[in-house]
Amino acid sequence: MESGTSAGDGDPTITIHVKFGGRSFPILISPDSTIKELKSLLQPLTNVLPRGQKLISKGKLLVDGMTIRESEVTNGSKIMLMAAHGLHQGDGPVLKQAQTRPVLRDGDASKSAKESKPIDADKIRRDLWKATGVIALSECNLQAIPDEVWASGNVRLLDLSNNAIEEVSFPVGSFHVQTLLLNANKITDESLRWEGMASMRNLTLLSLNHNHLTTLPPALGELTSLKQLRVANNKLTSLPNEIGLLRQLEILKVNSNRITEITASIGDCSALIEVDLTANLLSHLFTLPFYVQSLRLGNNGLKSLPSTLFKMCLQLTTLDLHNTEITMDILRQCEGWESFDERRRLKHQKQLDFRVIDSADFDEGADKK
């Protein structure tokens with residue numbers, strides 16, 4: 001009986017043999033899996049971290065982003081694993097234990113055959129998901145979220161970035177998710193089921209960068225544990241009033257959208273310390289959270305700032321207004337400018353002293369003219 005068949009024979013998996021440390025590991029894997037995924041499977045078997053692994057087939061170094069099929073690795077292929085020094089987990093790489101061949105007694109033959117059975121890559125992956133709660137499926141050419149993701153149980157981190165996912169929905173049991181990464185997919189307003197996401201009461205980081213969203217619904221306000229919201233490079237024209245309900249929100253990244261004004265309710269986000277609104281269509285800014293420390297507003301049509309900006313935002317140390325109508329001369333005339341300037345210089349003084357940043361590049365956050 002063969003240990004694996006090629007995809008062309010109708011079987012979705014093949015068997016490859018990875019040689020390392022005097023041992024050979026038979027791996028059962030899909031031809032559409034990436035080299036990066038193969039390295040993740042080899043980590044618990046060899047104790048070598050993925051970034052410390054070099055896989056060589058037919059004298060060619062295999063590239064992480066390529067699939068098994070693209071790498072011309074076929075059923076029965078032999079791959080050599082070379083480990084970088086120091087990049088390992090636990091006590092170090094798992095090497096061959098004995099140089100001599102043990103004497104087989106009656107009954108040992110079946111045990112030996114069992115030990116040489118190909119390793120089921122899918123089972124290892126599911127077991128890792130269940131044990132860690134971390135599911136990393138970025139760059140896997142997915143068009144939908146696999147059902148096996150939710151079958152694994154307690155999912156804490158789910159990374160589905162850089163795929164071709166359009167329809168996004170979440171089952172009732174997904175409330176354990178704390179980090180959800182859906183960057184660079186094909187998600188639209190209609191294809192994202194916010195009612196399911198709203199049940200994720202433990203969600204602290206939501207990232208939807210590089211999609212096709214034009215609006216964020218009121219249901220966003222139900223994610224009351226959210227600390228980071230990243231929706232850059234979409235087509236958003238505004239933020240919902242309900243964003244003010246996110247009292248634990250610390251980081252808001254909404255750069256490279258089409259936002260024309262900011263809702264006043266953002267002032268209710270009392271924990272917000274970093275706001276990036278670069279490259280939008282803002283012409284005015286009326287309100288900001290008092291405790292904001294970093295504010296990036298470059299590449300907008302801004303002509304003025306709130307008169308109370310420097311007086312009210314007493315922790316502000318980073319301000320970017322490059323490529324707007326607000327110049328350095330206008331900034332210097334704002335009440336409270338001197339205190340802000342002192343804070344930002346104090347923050348970066350060590351970097352200036354040790355020339356980590358060039359004093360010529362350390363401007364006041366706006367253009368000269």
Side-chain angles (χ1 to χ4, degrees), residues 4 6-7 12-21 23-90 92-94 118-149 152 155-165 179-186 205 207 209-210:
S6 66
T13 59
I14 61 174
T15 300
I16 59 178
H17 301 272
V18 180
K19 293 187 174 182
F20 173 68
R23 303 178 66 181
S24 179
F25 299 93
I27 305 289
L28 195 66
I29 194 168
S30 167
D32 295 319
S33 296
T34 62
I35 300 300
K36 183 178 179 181
E37 290 176 310
L38 173 59
K39 289 183 177 181
S40 295
L41 295 172
L42 289 169
Q43 178 180 345
L45 301 174
T46 65
N47 278 354
V48 181
L49 299 177
R51 66 188 184 97
Q53 298 179 27
K54 288 186 178 181
L55 297 178
I56 299 174
S57 175
K58 298 178 182 178
K60 181 176 67 175
L61 183 65
L62 303 185
V63 181
D64 283 0
M66 296 182 67
T67 65
I68 301 292
R69 193 192 312 276
E70 291 169 341
S71 303
E72 300 180 353
V73 174
T74 58
N75 189 50
S77 289
K78 293 179 174 60
I79 297 176
M80 179 181 295
L81 167 59
M82 298 179 64
H85 179 70
L87 293 176
H88 58 75
Q89 63 182 10
V94 178
I119 297 163
D120 188 336
D122 290 334
K123 184 178 186 303
I124 290 178
R125 182 173 66 172
R126 289 192 298 269
D127 289 345
L128 283 172
W129 289 355
K130 189 173 183 179
T132 64
V134 176
I135 299 180
L137 289 173
S138 63
E139 300 180 359
C140 290
N141 298 316
L142 297 177
Q143 296 183 350
I145 302 177
D147 292 338
E148 60 180 338
V149 165
S152 64
V155 182
R156 295 184 300 104
L157 184 153
L158 178 57
D159 185 359
L160 295 163
S161 301
N162 297 290
N163 283 292
I165 297 173
T179 299
L180 179 58
L181 308 178
L182 288 163
N183 303 313
N185 278 284
K186 298 182 179 180
L205 191 161
S207 191
N209 298 328
H210 293 277

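In this chain, residues are counted from 1 in sequence order.
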Intermediate values then yes/no, side chain to side chain contact (heavy atoms under 4.5 Å, CB included), Phe20 and Gln53: CA-CA 10 Å; Phe20 173 68; Gln53 298 179 27; over 6 Å; no
Do other residues, nucleotides or ligands put more than 12 heavy atoms under 6.0 Å from [X] [atom1]?
| X | atom1 | result |
| --- | --- | --- |
| Glu72 | CD | no |
| Lys39 | NZ | yes |
| Met66 | CE | yes |
| Glu148 | CD | yes |
| Lys58 | NZ | no |

Residue pair Phe25, Leu81: steps toward the side chain to side chain contact (heavy atoms under 4.5 Å, CB included) verdict: CA-CA 10 Å; Phe25 299 93; Leu81 167 59; over 6 Å; no
Hey, does [Y] have a side-chain heavy atom less than 4.5 Å from the side chain of [X]?
| X | Y | answer |
| --- | --- | --- |
| Ser30 | Glu37 | no |
| Ser71 | Ile35 | yes |
| Val18 | Thr46 | no |
| Thr34 | Cys140 | no |
| Ile135 | Leu160 | no |
| Val134 | Arg156 | yes |

Could you state the interatomic distance from [atom1] ([X]) to [atom2] ([Y]), rounded to the nearest 0.5 Å?
| X | Y | atom1 | atom2 | result |
| --- | --- | --- | --- | --- |
| Leu55 | Asp64 | CG | CG | 8.5 Å |
| Leu158 | Leu137 | CG | CG | 7.0 Å |
| Ile79 | Ile56 | CD1 | CD1 | 10.5 Å |
| Ile145 | Ile165 | CD1 | CD1 | 5.5 Å |
| His210 | Ser161 | NE2 | OG | 10.0 Å |
| Ser138 | Leu182 | OG | CG | 11.5 Å |

Does [X] reach the main-chain N or O of [Y] with its side chain, forming a donor-acceptor pair under 3.5 Å?
| X | Y | result |
| --- | --- | --- |
| Gln43 | Ser40 | no |
| Asn183 | Asn209 | yes |
| Ser57 | Lys60 | no |

Worked verdict on Leu42 versus Ile27 for side chain to side chain contact (heavy atoms under 4.5 Å, CB included): CA-CA 9 Å; Leu42 289 169; Ile27 305 289; 4.1 Å; yes
What's the shortest heavy-atom distance between [X] and [Y], and which atoms?
| X | Y | value |
| --- | --- | --- |
| Ile14 | Pro31 | CG2-CG, 4.1 Å |
| Asn185 | Ala164 | OD1-N, 3.4 Å |
| Asp32 | Thr67 | O-CG2, 3.6 Å |

Walk me through it: do Asn75 and Thr15 pass the test side chain to side chain contact (heavy atoms under 4.5 Å, CB included)? CA-CA 5 Å; Asn75 189 50; Thr15 300; 3.9 Å; yes
